[in-house]
Amino acid sequence: MALLKPSVEITLPPTVFMQGQGTDAGGREELVDGVGGVCFVPSVMERWRELQEFQARPDDTLIATFPKAGECPLSTLSDHSGSIPSMMRAPFLELNPPPPFPSGIDILQNQPSPRLIKTHLPFHLLPPSFVDQNCKMVYVARNAKDTAVSYFHFHRMNKKLPEPGDWNHTPCVTLLPVAWGSWFDHVTGWWKEKNNHRILYLFFEDIKENPAREIAKLSNFLSKKLDREAVDRIIEHTSFKNMKQNPMTNFSLLPANIFDQSVSPFMRKGEVGDWKNMFTVAQNERFEKEYRQLMSDRGPSFRMEL
Ligand code: PPS
């Protein structure tokens, strides 16, 4: 039994994502100042109104993260067979890629319930229907330094995002301004709302440290009973090693003019504390100073290493 049902019966063959298709993918996009100072890629803004009018259903489950927080294992929980591409198991709500790739809204609109939906939106920019329908939402947060490093490498390989440039000068070090806004506002915005709505707030570091414990939190939140065997299967299925090898979860079905995995693999390292391999002493000091100013008493506390 899957912990989460896949959002969709597959209505498009996985081959639509395969290499060689979608050659009209265009080049890198520059960020636009989207809404209230939160930057997005222009393709997201093109359907902003439709996005805000998106009709959530009471039995939808939303998985929300700042980019690169390690959400993928969660959406994988819906498919233990490993035979459904990530973007179909938990369609990415605001994603609006070039043809022939379907947008998140288009995939979701005609799907049967219950749906599993992925988003990177800050809480205050969610389509209002998720709150109106009292949907269950799972938020996964990851420490800022590892997120910064992961996002930097993702910019290198994701040909739809701006060129990140040199690590020493990249905005990814401070996480401002990058697509989907400020990491600080994102993690604290969701944190503040977690007791006002049906939100389970999880940490990437906790999942890495003790996946069984975090799966228990998740199954409890979703009111699903899992025996030990099922938990073991989920842990195995969502391990970094397995997800890196599986074409349904490693995004190798996307063409290189979108994700160039020869530059950096999507499933890169999946570790806690990898930031130590990138941050110089000076960068770390600058980061810590900014971090103290922006995070003081505002929200969750993170572990930078295990
Ligand atoms: S995205 O693009 O934001 O939707 O992707 P997301 O999966 O949220 O973030 C990618 C980073 O998460 C790591 N990852 C994992 N780590 C451990 N175990 C599993 N199963 C796993 N799945 C994804 C992935 O490797 C990226 O982190 P880095 O540090 O770059 O390796």
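We count ligands from 1, going down the list as the structure has it; atoms in each ligand are counted the same way.
- Counting heavy atoms under 4.0 Å from ligand 1, residue Met243 touches it through the side chain alone.
- Contact analysis leaves His153 out of contact with ligand 1, as no non-hydrogen atom separation drops below 4.0 angstrom.
- Side-chain atoms of Trp180 and Glu94 form a donor-acceptor pair, as typed in the model, at a separation below 3.5 Å.
- Looking at Phe92 against ligand 1, nothing comes within 4.0 Å, counting heavy atoms.
- Shown in contact with Met267 at under 4.0 Å from a heavy atom are these atoms of ligand 1, numbered in order with element: 21 (C), 22 (N), 23 (C), 25 (O).
- With a 4.0 Å heavy-atom cut-off, ligand 1 is reached by the side chain of Lys118 but not by its N, CA, C or O.
- Checked against the 6.0 Å centroid criterion, the rings of Tyr139 and Phe123 do not qualify as a close aromatic pair.
- Close contacts of ligand 1 with Gly70, meaning ligand atoms under 4.0 Å from a residue heavy atom, involve 6 (P), 7 (O), 8 (O), 9 (O), 12 (O).
- Residue Gly270 places at least one N or O, backbone or side chain, under 3.5 Å from an N or O of ligand 1.
- Judged by distance alone, the side chain of Lys208 and the main-chain N or O of Val272 form no donor-acceptor pair under 3.5 Å.
- When Glu271, Arg142, His120 are ranked by how near their heavy atoms come to atom 29 (O) of ligand 1, first place goes to Arg142.
- No donor-acceptor contact under 3.5 angstrom links the side chains of Lys276 and Asn284, judged on distance only.
- Remark: distances from the non-hydrogen atoms of Phe66 to ligand 1 are all 4.0 Å or more.
- Relative orientation of the Tyr151 and His155 rings is perpendicular, given thresholds of 30° and 60° on the angle between their planes.
- Atoms of ligand 1 lying under 4.0 Å from at least one heavy atom of Pro67, given by number and element, are 3 (O).
- To the nearest 0.5 Å, atoms CZ (Arg156) and NZ (Lys159) are separated by 8.5 Å.
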Side-chain donor/acceptor pairs under 3.5 Å, residues 197-205, sequence neighbours excluded:
{"unit_1": "His197", "atom_1": "NE2", "unit_2": "Glu193", "atom_2": "OE1", "d": "3.3"}
{"unit_1": "Arg198", "atom_1": "NE", "unit_2": "Asn134", "atom_2": "O", "d": "3.1"}
{"unit_1": "Arg198", "atom_1": "NH2", "unit_2": "Asn134", "atom_2": "O", "d": "2.8"}
{"unit_1": "Tyr201", "atom_1": "OH", "unit_2": "Val187", "atom_2": "O", "d": "2.9"}
{"unit_1": "Glu205", "atom_1": "OE2", "unit_2": "Asn143", "atom_2": "N", "d": "2.8"}
{"unit_1": "Glu205", "atom_1": "OE2", "unit_2": "Asn143", "atom_2": "ND2", "d": "3.0"}

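- Considering both main-chain and side-chain atoms, Asp146 never comes within under 3.5 Å of ligand 1 through any nitrogen or oxygen pair.
- Heavy atoms of Ser150 found under 4.0 angstrom from ligand 1 belong to the backbone as well as the side chain.
- Here is the list of ligand 1 atoms found below 4.0 Å of a heavy atom in Thr238: 19 (C), 20 (N).
- Contacts classified as salt bridge (charged side-chain N to carboxylate O under 4.0 Å, His left out) and involving residues 37-47 (residues at least two apart or in different chains) are given here: Arg47-Glu50, Arg47-Asp106.
- Between Phe287 and Phe279, the ring planes are perpendicular. Angles over 60° get that label, and only those under 30° would be called parallel.
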